[in-house]
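Input: a single structure, listed below in structure tokens.
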Amino acid sequence: MSPFIYFAIMVSMIRRSFWAFCHWSYGVIAKPLLFLVSPDTTHGMMIHMTSVSGRVPLLRGFVKFIFIRRRDERIVQNYHGIEFKSPVGLSAGFDKNGEIMPMISRLGFGFGTVGSVTAKQCDGNPRPWFYRLPESKSLVINAGLANDGSTAILKRIHSYSQSEINNFPIALSVAKTNSCEVVSIKEGIEDYVTTVRRAKKEPRIKMIELNISCPNTYGGEPFTTPEKLEKLLKAVDAVGAKQPVFIKMPIDHEWPAFKKLLDVAIKHKIAGVTVSNLYKDRASAELKDNLPDSVKGNLSGQPTWQRSNDLIKKTYLEYGKKLTIIGVGGIFTAQQAYTKIRLGANLVEIITGVIFNGPQLAAEISYDLSKLLERDGFVNISQAIGIDAKR
Ligand SMILES: Cc1cc2nc3c(=O)[nH]c(=O)nc-3n(C[C@H](O)[C@H](O)[C@H](O)COP(=O)(O)O)c2cc1C
């Protein structure tokens, strides 16, 4: 065996051992400690630590060496002129202010979402924003679109040097400011459009995601009816953003109502849909933990799994050729990511899985996904998309 091959095998073994160590130590040491502290404090700490460490070139280099393997053609895809080295992205809500993308880009993610961001800075709802349901593998979210505002956030993203971000595809999730000043439909549309206009000018933003389905906003969830969505998309079309625009869809709509939104989307310059957002119908969710009524908010993680799968499949069957589908909801393993892909998702996203299973999850899923594709005889992931979608 040539020394080069020997060396490559050694590196691969070191990497896998390190991932296994991360997985184990996160579950056995870090998570129990982190879960002793309130989820709001934990989230703040994680963002701060990741942001600071992301600014240190040596640490960035180490993380990249451990988590990014050589290019794996089996999981590389190209959509809308963007190359995704892995189909696994970070979903909206973790990096609300665009502080940790340099590290996210080195943890094995294929893309990362910043936000949701709004035109004006917003303090969000009164704390606490998060509540853990560990047995149910879920979090209750009530952040109320807290963020620094799109001007400040885009400035931060712009400040990343090329070496920090390395052409990593960053998506900007755009919502409307959660404030009593932005209540009417006209004000809401202007709020979205203001951020889209700002994002249009930022070359580091490769995708825009319109979060029409955030349940926390002042004045409810105003753009989830076909009439209002039509107005919003007309205004967004007029901005003429160069980046592909996605819509983050609601999860609680029944299929006929959901399809009506898709019918509107395909008439506009919409590249795809992200399916889906948080689960609002707490009463119907089968939870293993006690969830007191005093805890406000909507569910992430496991309770979103089944509905998101149903909606991905139906969206694929109806509009799979017209819309790129990003599948999100309840992914904790490669097998679960693979299920969504086989139901029609072109790309997938994770967030609760990262919080419950650790920062190595994207790298683990990408690696194991490649093995699942190889096992099933697929040369590229694109051959597996929608293979299980049947009416
Ligand atoms: C802590 C947290 C914050 C979130 N904030 C947002 C947000 O600001 N905008 C948004 O579109 N979705 C938000 N979400 C929803 C996620 O992006 C995702 O759609 C949902 O949680 C399902 O994925 P999961 O099961 O991997 O958590 C948030 C989720 C979590 C867990």
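For ligands, and for the atoms within them, numbers begin at 1 and follow the listed sequence. This chain uses plain numbering: 1 for the first residue, then up along the sequence.
Polar contact check, Glu349 against ligand 1: no nitrogen or oxygen pair lies under 3.5 Å apart. Of the N or O atoms in Glu209, none lie within a sub-3.5 Å distance of an N or O in ligand 1. For ligand 1, the polar-atom distance check against Leu145 finds no nitrogen or oxygen pair separated by under 3.5 Å. For ligand 1, the polar-atom distance check finds an N/O of Gly301 within less than 3.5 Å of one of the ligand's N/O atoms. Checked against a 3.5 angstrom limit, the closest N/O atoms of Ser276 and ligand 1 fall inside it. Between Gly330 and ligand 1, at least one N/O pair is under 3.5 Å apart. Inclusion of Leu139 in the set of residues having an N or O under 3.5 Å from an N or O of ligand 1 is not warranted.
Between Lys267 and Asp263, none of the side-chain N atoms (NZ, or NE/NH1/NH2) sits under 4.0 Å from a carboxylate O, so this pair counts as no salt bridge. Ion pair Asp281/Arg307 not flagged as a salt bridge, since none of the NZ, NE, NH1 or NH2 atoms sits closer than 4.0 Å to an Asp/Glu carboxylate oxygen. Salt bridge annotation for Glu349-Lys248: absent, with no cationic side-chain nitrogen under 4.0 angstrom from a carboxylate oxygen. Taking the charged nitrogens against the carboxylate oxygens, Asp191 and Lys176 have no contact shorter than 4.0 Å, which rules out a salt bridge. By the 4.0 Å N-to-carboxylate-O rule, Glu190 lies close enough to Arg197 to be salt-bridged with it.
Listed by atom number, the atoms of ligand 1 under 4.0 Å from Ser91 heavy atoms are 16 (C), 17 (O), 18 (C), 19 (O). Less than 4.0 angstrom separates some heavy atom of Asn211 from each of these atoms of ligand 1: 9 (N), 10 (C), 11 (O). Each of the following atoms of ligand 1 lies closer than 4.0 Å to a heavy atom of Asn277: 11 (O), 12 (N), 15 (C), 19 (O).
Within the structure, the closest approach of Gln302 to ligand 1 does not fall below 4.0 Å when heavy atoms are considered. Heavy atoms of Ala143 stay at 4.0 angstrom or farther from ligand 1.
Proximity of a side-chain donor or acceptor of Glu202 to a complementary backbone N or O of Ala199 within less than 3.5 Å is not detected.
The shortest contact between atom 20 (C) of ligand 1 and any protein heavy atom is with Leu278 CD2, 4.0 Å.
Within the 6.0 Å centre-distance limit, the rings of Phe35 and Phe356 are counted as a close aromatic pair.
The 12-atom threshold is not exceeded at NE2 of His158, counting heavy atoms of other residues, nucleotides or ligands nearer than 6.0 Å.
Contact annotation: for Phe94 versus ligand 1, there are no heavy atoms closer than 4.0 Å.
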